[in-house]
Every structure is written in C-alpha cells, then in structure tokens.
2 protein chains.
Amino acid sequence: MDADNNLFSPIKNRRAFEEVSLKIKALIFDGILKPGDKLPSETDLARQFNVGRQTIREALRILELSGFITVHKGGSGGPIIKDTILNTISALFLDAFRMKKMSLMELTVARLEIERVVLNYVMDSIDDSDIKSLQESVNRAKKKIENNIIATEENLQFHKLLAKASKNHVFVLIVETIMAAVADFLSRIRPDVETSNNVVEYHEQILRAIVEKKREKALNLLEEHLLEVRRRLQPFIDQEERAGGKEGDKQKG
Amino acid sequence: MDADNNLFSPIKNRRAFEEVSLKIKALIFDGILKPGDKLPSETDLARQFNVGRQTIREALRILELSGFITVHKGGSGGPIIKDTILNTISALFLDAFRMKKMSLMELTVARLEIERVVLNYVMDSIDDSDIKSLQESVNRAKKKIENNIIATEENLQFHKLLAKASKNHVFVLIVETIMAAVADFLSRIRPDVETSNNVVEYHEQILRAIVEKKREKALNLLEEHLLEVRRRLQPFIDQEERAGGKEGDKQKG
DNA sequence: TCACATTTGTCCGTATGTATC
DNA sequence: AGATACATACGGACAAATGTG
C-alpha cells in the first residue's frame, strides 16, 4: 500500500532504535532467541550495539508493545522474550474499534459470518479435550447465573474456545480479536442476568449439538444465537447510527 | 483476559511514559486531537506533562508504533496525529505469521472461507465506483502480463478492493491483513508469469460475473480461483509441514 | 544560495525505586 | 536486613535534519 515493503527502500534513513529493534526481532525470527530467554541488561545492550542507553530503551519499548518481550524491573530482572504478539493484535484492533473506524453494526455482521464458518470446521476437528473445556466453561457460566451473577467472561470464552477447536490459528486470532471488541462494548452496557442466561442456554444447546455431531442443528442454533444477540444489541446499533457512528475515512496520506 | 481491564486496577504502578501515552491517546479518542493536528515539540510536552524528555520520547514511540502519530524531524517538524492504526494491525499480523504462529495451510484455508463470505456481501453492496477501481486494477495487471511482468501487486489489490466493496470495515481489515501475509510469502517464492496470468484471468471473470449480478457464478469462480491458488502453493505447504512448520504453543504465560 | 532557528536523534552522567539474593 | 542489579527517570549537551527567511 504505502511505499513500505518495496524494492529501493531507504538505505540509511532508519533511526538507530529501529535498527536495534529489527536486529533483535530477526534473532527471534531465526530462532536464536526463544521465548523465555533473557536479554542482556540495557547497559550491556548499549555497549554491545555501541549505542546509548536511551536508544536501547526506545527499541525495547517497540519490542514490548509489539509483544516480543516483557520487561521486569529489579534485581535479576531485565527484558525477556515473551511472545505475546497475538494479544497485542487484539489490543490494536480494540483501539481501531474505539476510534470508530469500525461500527458495532459491521462488527456484529462480520462476527456472525465468521463464527458460522468457524463452526463448520469445528464440527470436523473438535476433540475430547476441546469438548471438556467447552463443557467446563458452560458449567461455570451456569453456576454464576444460578447465583444471579452475569457470566460475560465465560460467555465470551465459549466462542474463543470454539475457535480454538477449529485448530486453525488464523480463525483463533480473528475470533479473539472480535471478542475483545465485543467485551469492550459489553463492559460499557452491562447486560442483565436474563440476557446472560439466554446466552448460556444457547451455548449449552450448541455444545450438545456439536457433541451429537448434528452439524445442521449446531449451525442453526449458532445463527439463532447470534441473531438474538444482535437483536438485543440493536438499540445500541441504532444509537450509534444516529450519532453518526462511522465518520473516519478523511485523511489520505 | 489478563488482569487488565478490571476495576481496582493499579493506581500508581504504571510507568510514566505509559501514562503520557494513555493521556494523549485519550485526547485522540475524545476527538480533542484530530488527524492532521500537530502535537507540541518534545521539549514542550516534557514541560507540560512535567516529565523528562526521555519519558516523552518513549511515549511517542508507543503512539508511533500503534499508528496514532508520525514524527517528522527538522524545522516546523514534530509529532502529528496520523491515524494509520489499521496498517499497523496488518504489520503485527505479519509478524505473527513470520513467527510460525500460523501456517501457510491455515492461512489459505481461512482466506478461502472469508473471501467467500465477503464476496456474498459484495454482490449486494458494490457500486459503480468499486467496479471502476476493480476494472482499473485488472487492466493494469493485464498490461503488465502483456509485457511479461508478473502482476503480484495488482492481483493482491484486487482482493483488497473486493473487500472494500463489501462496505464492512471489519472485512476490509481482515482481508488486508491476510493479504499482507500472502504478499510476504509471495515475495519470497516469486511466482512465474504464467501463474500470475492465470490469476488475472480469474479476476477478470469474477469481476464480469459480479457486474452481471450472477451471484452463484461469481462465488463458484472465486472458489475455483482460490483452490487453484492453493494447488499452486501446495508444494510450499507440504514443505512447511515437513519442516515441522507450526511448532509454537509452548509457553504458557 | 546561504545562514538560522527549530526539532528530532543520540549520548552521557546521575539519581531513585524496586525486586532478588 | 543489607547488598546488588536492574529498570526508571531526569537534565544537560551536541549532532543531524529540515523548513524558513
């Protein structure tokens, strides 16, 4: 898109902290540095790369935000390879959603379509361990509902576990990302226990259909479930529409 | 997921540069700072936030990497709000793909499913301007092929333009993200002109079917097209499999 | 074209907080 | 509890880049 990943890219225009972060990233990509490994301290890195400590710090900030490392302070602390890159993608997606680059309407539409596709794969690739985690998640949710507590966390987890059962990491990432945005939204509107209960009941039925290998039934239940969710969200979608929700698309580059 | 977005979260445990970046982010979310606006210089920001310049710089690195600002040096330079957050998500996804958290196999599977769904929406929401850009993209590609040049860029663009025609920003983001990974892969294997030509011909047929409002035909063509792409990629998928492609899933937290 | 002011980029010295041993 | 090691943060200084007059 931009003049970015093309030939004839800048030769010397990179800043020092960018070079440092790229070099460390390359070590990770090449498997020389693995998750759990500890990087030298900032002072040591500065010496080894022959740059100042501030340069190292900015490089570490980049790697930290990108999800390649975490930094621990105190004795025997320092930066360690942590590989939480998938989380950071969800975080950025959430930012984009918050900036109204994407509307609630678009999100729910995409969610329905993608989860339908994912479920189709789940029917073929689910194993006992997946079923067990799903069952446990549903049970936890039911217990909460019995105690009159909303089970948002468990309900979102159900969909993430479902994606995991598809055994496709791309689906996992997409669903987790969408769920992060959904969670952010739900945390603001605080659904009532009755709504939460409705969700749990659907999840239970979907899980049963999956276990019984009834593909069509499972797909229909999921569709019903997500349409019901959408129906309950409709007031907020309308509200967003009225407020002139999606405006972006202004600047060009 | 993590202890992150809950009540009673840490009060003072955040690092100074995090607070600064969050404060600036909040100004952007609230619309007080808009794309194109110029932030004060680093020295001014340091004065205003009552921190050192190093702290400001680390905060700016975060905002830069997250896609909220870009930084220009020199007279009348400085940080400006740039809102390219969607691009940075693709970049991170690419990192994840490079780290073998996702295999080429998983990527092509997900791509086929998602593009099928997207096309279904495109059939309903496409307008003349979309058709025009798609046509132009195809024409550019054909011209390149005539001159015996591979048209990878244009071919990838076709799919991105298709996603845009769905008028759903979530789909756009997902497809652009997947295409960034595909582009990264293709840049390494360098397809021949014949393959590139095959792709262009499919795109032309798909576009014609869309214009003629033949939904089933368009969907079938897309499926054929992507299966053909997958067939040509199969050797590399096998190779990845043999090399023990996806290993990840080791560390826990 | 040529200085000049502005601003980022970078380095250094130093001080402080904090976690580990 | 004390020593150590480390990140965190501040302030001063200079170089490099870039737009302006």
Side-chain angles (χ1 to χ4, degrees), chain A residues 3 9-25 33 35-82 84 88 253, chain B residues 2-3 9-25 33 35-82 84 253:
Chain A
S9 53
I11 296 181
K12 203 193 123 67
N13 217 358
R14 268 203 301 262
R15 297 168 284 186
F17 63 82
E18 286 175 317
E19 298 231 46
V20 170
S21 80
L22 282 176
K23 251 173 194 166
I24 295 178
K25 253 210 251 189
L33 292 175
D37 287 359
K38 198 167 154 319
L39 260 61
S41 73
E42 292 180 356
T43 9
D44 281 348
L45 284 170
R47 242 197 314 274
Q48 294 185 35
F49 281 112
N50 197 28
V51 295
R53 267 196 352 278
Q54 168 137 7
T55 302
I56 295 295
R57 282 186 65 76
E58 291 181 40
L60 292 181
R61 287 293 86 71
I62 288 178
L63 294 170
E64 190 179 26
L65 191 73
S66 304
F68 287 103
I69 65 168
T70 60
V71 178
H72 290 98
K73 53 189 168 186
S76 87
I80 59 179
I81 314 286
K82 204 47 192 287
T84 55
T88 65
Chain B
D2 285 286
S9 52
I11 296 182
K12 204 194 125 65
N13 216 359
R14 270 200 300 260
R15 296 168 286 185
F17 64 82
E18 284 176 317
E19 296 228 47
V20 170
S21 81
L22 282 175
K23 250 173 195 167
I24 295 178
K25 253 211 252 189
L33 292 174
D37 287 0
K38 199 167 154 318
L39 260 59
S41 74
E42 293 179 356
T43 349
D44 281 348
L45 284 171
R47 242 198 313 275
Q48 294 185 35
F49 281 112
N50 196 29
V51 294
R53 193 158 84 95
Q54 167 151 359
T55 303
I56 294 294
R57 281 187 64 78
E58 292 181 42
L60 292 181
R61 286 295 84 73
I62 290 177
L63 294 171
E64 191 179 25
L65 191 73
S66 304
F68 287 103
I69 66 169
T70 60
V71 178
H72 292 98
K73 56 186 167 187
S76 85
I80 58 179
I81 313 286
K82 202 47 193 287
T84 55

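Here is how names work: the chains are called A, B, and so on, in the same order as the sequence lines, proteins then strands, and each is numbered from 1. Because the structure is a prediction, the values reported are computed rather than measured.
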Which residues share a side-chain contact (heavy atoms from CB on, under 4.5 Å) with [X], sequence neighbours left out:
{"X": "B:Ala46", "answer": "B:Ile56"}
{"X": "B:Leu65", "answer": "A:Ile62, A:Leu65, A:Ser66"}
{"X": "B:Ser76", "answer": "none"}
{"X": "A:Thr43", "answer": "A:Ser41, A:Arg53"}

Whole-Å distance separating the [atom1] atom of [X] from the [atom2] atom of [N]:
{"X": "A:Glu42", "N": "C:dT16", "atom1": "CD", "atom2": "P", "answer": "19 Å"}
{"X": "A:Lys38", "N": "C:dT20", "atom1": "NZ", "atom2": "P", "answer": "12 Å"}
{"X": "A:Ile69", "N": "D:dC6", "atom1": "CD1", "atom2": "C1'", "answer": "14 Å"}
{"X": "A:Leu39", "N": "D:dC6", "atom1": "CG", "atom2": "C1'", "answer": "14 Å"}
{"X": "A:Ile80", "N": "C:dT20", "atom1": "CD1", "atom2": "P", "answer": "11 Å"}
{"X": "A:Leu60", "N": "D:dA7", "atom1": "CG", "atom2": "P", "answer": "8 Å"}

**OP:** Could you tell me which residues satisfy salt bridge (Lys or Arg N to Asp or Glu O under 4.0 Å) with A:Glu42, sequence neighbours excluded, listed by chain and number?
**Re:** A:Arg57
Original post:
Which residues pass the salt bridge (Lys or Arg N to Asp or Glu O under 4.0 Å) test with A:Asp44, sequence neighbours left out?
Top reply: A:Arg47
**OP:** Return yes if some donor-acceptor pair links the side-chain N/O of A:Lys38 with the main-chain N/O of A:Gly77 below 3.5 Å, else return no.
**Re:** yes
Subject >> Passing option when B:Pro79 is tested against B:Leu39, B:Asp37, B:Ile24 for side-chain contact (heavy atoms from CB on, under 4.5 Å) >> reply: B:Leu39
Original post:
Roughly how far, to the nearest 0.5 Å, is CZ of A:Arg15 from NZ of B:Lys73?
Top reply: 8.0 Å
**OP:** Could you tell me which residues satisfy side chain to side chain donor-acceptor pair (under 3.5 Å) with A:Gln54, sequence neighbours excluded, listed by chain and number?
**Re:** A:Glu58
Subject >> Axis bend over the full length of the helix from C:dC2-D:dG21 to C:dC21-D:dG2, computed from five pairs that close each end, to 10 degrees >> reply: 10°
Report all interatomic pairs (protein N or O, nucleotide N or O of nucleotides 9-12 of chain D) with separations under 3.5 Å.
residue: D:dA9; atom: OP1; partner: B:Ala16; partner atom: N; Å: 2.4
residue: D:dA9; atom: N6; partner: A:Arg53; partner atom: NH2; Å: 2.7
residue: D:dC10; atom: OP1; partner: B:Gly52; partner atom: N; Å: 3.4
residue: D:dC10; atom: OP2; partner: B:Gly52; partner atom: N; Å: 2.7
residue: D:dC10; atom: OP2; partner: B:Thr55; partner atom: OG1; Å: 2.3
residue: D:dC10; atom: O5'; partner: B:Gly52; partner atom: N; Å: 3.3
residue: D:dC10; atom: N4; partner: B:Gln54; partner atom: OE1; Å: 3.2

Between protein and nucleotides 19-21 of chain D, what N or O pairs are separated by less than 3.5 Å?
residue: D:dG19; atom: O4'; partner: B:Gly75; partner atom: O; Å: 3.2
residue: D:dG19; atom: O3'; partner: B:Ser76; partner atom: OG; Å: 3.4

Original post:
If you draw a 6.0 Å radius around NZ in A:Lys23, do more than 12 non-hydrogen atoms from other residues or ligands fall strictly inside?
Top reply: no
